[in-house]
Amino acid sequence: MPDSASDPYDLAVIGAGPAGLNGAVTAAELGLSVALLDASPQTGGQFYRHPAPALGAARPEALHHDWRAFTTLRGRLERSDVQHLAGHHVWAITQEDDGPWVVHAATGADGTAEHPARVRARTVLLATGAYERQLPAPGWTLPGVVGAGGAQAMLKSGLVLPGRRIVVAGSGPLLLAVATSLAAAGARIPAVIEASGYRGYTRHPRALAANPRKLTEAAAHGAALLRHRIPLRTHSAVTEVHGTDRVAAVTVTRLDRDWRPVPGTARRITCDALAIGHGLVPQIELATALSCATRPTADGTIALALNGLQETSVRGIWAAGETGGVGGAQLAMVEGEMAGIAVAARLHGYRPPARRIRELCRRRDRMRAFAEAMAACHTPAAGWADWLTDDTEVCRCEEVTAGEIREAVTGLGARDARTVKLLTRAGMGWCQGRMCGTATACLAAAGGAVQPPAERRPFAVPVPLSALAAPDAPTGSRPDTTPAADD
């Protein structure tokens with residue numbers, strides 16, 4: 001802990017998932033004062049999301065892979081001096097005249113508590129994770145359509161299913177994990193619909209050979225699909241969702257190599273829910289607001305550009321996990337440890353064992369290579385836009401249709417997502433383009449090269465005016481930095 005409330009922490013970690021947890025406890029164990037901020041009341045992030053104690057789940061580990069790794073991290077956190085600030089929704093990071101960084105957060109379960117927080121720290125570790133990428137289809141706004149990761153989150157945290165007969169669709173290996181976990185919980189899965197295929201992995205033999213654990217996980221998911229009699233349909237997509245009050249069925253269509261629907265191949269599958277997602281997008285708004293450098297990823301998203309010790313282009317700002325490119329929990333934990341060690345070396349002159357650093361670098365580079373191969377294999381191709389009708393809502397928040405976006409491009413001369421946003425309001429709603437950004441950028445490209453939507457925003461999350469108007473929010477390690485239990 002800092003010596004007084006006015007002294008900054010050595011490190012503020014934003015995000016209590018695998019990367020943030022390992023970064024925080026590693027730094028604390030090396031003698032740093034650490035604040036760990038997270039919007040959730042519990043640690044674990046999205047990957048280790050688990051039921052609240054009040055639900056009385058007897059075996060929460062049954063819904064997770066590698067649960068022991070999380071319980072080990074949680075135990076280290078409990079034994080450490082890390083100040084865990086739950087219910088803190090970080091909306092911006094600023095700097096005090098070349099002095100400490102200031103992390104600004106709204107507090108409470110939904111960020112609307114009366115007392116916002118301001119945490120000062122010499123360094124910051126961004127471990128904010130990622131969010132799902134969605135590609136719209138006619139009918140996708142019907143009740144019963146949820147994100148693939150969202151369906152898994154409902155099960156992990158609330159022990160509930162989005163339906164009883166659930167089609168799982170989209171692209172990426174997350175679909176297999178979602179389908180098997182939903183089936184194990186009692187759902188009927190008529191099919192898993194994968195827009196890409198898996199042959200692309202054979203073009204990356206070194207990455208496969210260096211990551212045998214990934215092959216073991218894939219085999220386990222394949223065995224689970226066979227056990228639950230779940231068919232896997234590759235090079236196919238849900239091109240329409242049917243229903244009135246909620247989902248009643250979906251149309252599944254074969255795709256060509258450019259993801260264009262193949263005429264005459266549509267078939268209808270009855271279901272009462274659709275869990276859909278097309279990969280993950282790094283959540284980097286806090287970093288880009290600080291002008292941290294970024295890099296394009298193999299699947300068309302943008303991630304932070306990091307050096308060999310996980311530091312961004314802005315001195316004093318580190319990042320770990322999905323912010324540097326989506327790669328999974330094991331990679332996130334390795335990068336979190338690397339960042340914690342690097343911060344300790346910078347601030348306290350800690351000399352890490354060379355052997356440990358080499359081991360961490362090898363593991364990180366090996367898993368990062370597989371992550372890049374995975375991203376390349378599941379990159380959406382531009383032809384998916386052919387399944388959009390003009391009345392398909394693309395921006396759900398502002399109710400902007402594909403036809404309106406196409407008119408902005410062909411009739412009004414828009415050539416990028418930002419201009420489309422100004423002309424149609426696509427991306428101006430509550431989610432700030434997280435749901436519609438990819439689709440809007442693709443439609444704006446009109447068949448040309450797609451420019452990923454801009455990720456620079458002044459506020460990373462919605463902020464109540466009371467937080468902006470607060471003259472002196474609680475600072476440092478004062479007790480009122482933590483929300484009250486009833487917030």
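Residues: numbered from 1 along the sequence shown.
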Salt-bridge present ([X], [Y]; N to O < 4.0 Å):
| X | Y | answer |
| --- | --- | --- |
| Arg164 | Asp272 | no |
| Arg213 | Asp66 | yes |
| Glu359 | Arg356 | yes |

Any donor and acceptor pair, going by atom type alone, linking the side chain of [X] with main-chain N or O of [Y] inside 3.5 Å?
| X | Y | value |
| --- | --- | --- |
| Thr265 | Pro261 | no |
| Glu240 | Gly139 | no |
| Gln42 | His50 | yes |
| Trp387 | Pro138 | no |
| Arg188 | Ala183 | no |
| Thr72 | Arg68 | yes |
| His88 | Ala86 | yes |
| Asn211 | Ala207 | yes |
| Thr424 | Val420 | yes |
| Glu404 | Thr401 | yes |

How long is the span from the [atom1] atom in [X] to the [atom2] atom in [Y], to the nearest 0.5 Å?
| X | Y | atom1 | atom2 | answer |
| --- | --- | --- | --- | --- |
| Met435 | Leu135 | CE | CG | 10.5 Å |
| Leu21 | Met333 | CG | CE | 9.5 Å |
| His278 | Asp299 | NE2 | CG | 12.5 Å |
| Thr312 | Leu290 | OG1 | CG | 8.0 Å |
| Arg227 | Thr180 | CZ | OG1 | 8.5 Å |
| Arg406 | Asp390 | CZ | CG | 5.0 Å |

If every non-hydrogen atom of [X] is compared with every non-hydrogen atom of [Y], which pair is closest and at what distance?
| X | Y | value |
| --- | --- | --- |
| Leu388 | Pro136 | CD2-O, 3.2 Å |
| Thr270 | Pro190 | O-CG, 4.0 Å |
| Ala39 | His89 | CB-ND1, 3.5 Å |
| Ala287 | Leu126 | CB-CD1, 3.6 Å |
| Ile166 | Ala187 | CD1-CB, 3.8 Å |
| Met338 | Cys361 | CE-SG, 3.7 Å |

**Request:** Report the C-alpha distance between Arg364 and Gln310 in whole Å, list the side-chain angles of each, state the deciding distance to 0.1 Å, and finish with yes or no for side-chain hydrogen bond (donor to acceptor under 3.5 Å, both in side chains).
**Result:** CA-CA 11 Å; Arg364 179 193 60 194; Gln310 301 298 130; 3.1 Å; yes
Less than 4.5 Å apart, any side-chain heavy atom of [X] and any of [Y]?
| X | Y | result |
| --- | --- | --- |
| Arg74 | Leu77 | no |
| Cys377 | Ser196 | no |
| Val192 | Arg233 | no |
| Glu132 | Arg434 | no |
| Glu393 | Val400 | no |
| Arg368 | Leu331 | yes |
| Leu174 | Gln152 | yes |
| Leu85 | Leu36 | no |

Compile the donor-acceptor pairs under 3.5 Å between side chains in residues 248-257 and protein atoms, sequence neighbours left out, one pair per line.
{"residue": "Thr251", "atom": "OG1", "partner": "His242", "partner atom": "NE2", "Å": "2.6"}
{"residue": "Thr253", "atom": "OG1", "partner": "Thr239", "partner atom": "OG1", "Å": "2.9"}
{"residue": "Arg254", "atom": "NH1", "partner": "Thr234", "partner atom": "O", "Å": "2.9"}
{"residue": "Asp256", "atom": "OD1", "partner": "Asp258", "partner atom": "N", "Å": "2.8"}
{"residue": "Asp256", "atom": "OD1", "partner": "Trp259", "partner atom": "N", "Å": "3.1"}
{"residue": "Asp256", "atom": "OD1", "partner": "Arg260", "partner atom": "N", "Å": "2.8"}

**Asked** Quick one: which of Leu443, Val394, Ile405 gives a side-chain contact (heavy atoms from CB on, under 4.5 Å) with Cys436?
**Response** Val394
**Message:** If we count only N and O atoms by modelled type, under 3.5 Å, do the side chains of Glu194 and Ser171 hold a donor and an acceptor together?
**Reply:** yes
**Ring-face cation of Lys156 near Phe47 (centre distance under 6.0 Å, axis angle within 45°)** = yes
**Prompt:** Under the side-chain contact (heavy atoms from CB on, under 4.5 Å) criterion, do Leu306 and Glu311 qualify, and how do the steps go?
**Reply:** CA-CA 5 Å; Leu306 306 174; Glu311 192 171 15; over 6 Å; no
**Within residues 197-206 or reaching into it, pairs that qualify as side-chain hydrogen bond (donor to acceptor under 3.5 Å, both in side chains) - sequence neighbours excluded** = Tyr201-His378
**Request:** Could you walk me through whether Thr323 and Thr128 pass the side-chain hydrogen bond (donor to acceptor under 3.5 Å, both in side chains) test, one step at a time?
**Result:** CA-CA 7 Å; Thr323 52; Thr128 47; 5.4 Å; no
**Request:** List the steps and the verdict of side-chain contact (heavy atoms from CB on, under 4.5 Å) for Thr26 and Arg76.
**Result:** CA-CA 9 Å; Thr26 297; Arg76 290 170 63 193; 3.7 Å; yes
**Request:** Decide if atom CZ of Arg366 counts as having more than 12 heavy atoms of other residues, nucleotides or ligands within a radius under 6.0 Å.
**Result:** yes
**Item:** Asp245 atom CG: more than 12 heavy-atom contacts under 6.0 Å
**Value:** no
**Asked** Would Leu280 and Arg133 count as a side-chain contact (heavy atoms from CB on, under 4.5 Å) if you check the C-alpha gap in whole Å, the side-chain angles of each, and the deciding distance to 0.1 Å?
**Response** CA-CA 5 Å; Leu280 301 173; Arg133 173 167 53 189; over 6 Å; no
**Request:** Kindly determine whether Lys421 and Thr440 satisfy side-chain contact (heavy atoms from CB on, under 4.5 Å), including the steps that lead there.
**Result:** CA-CA 8 Å; Lys421 177 179 180 179; Thr440 301; over 6 Å; no
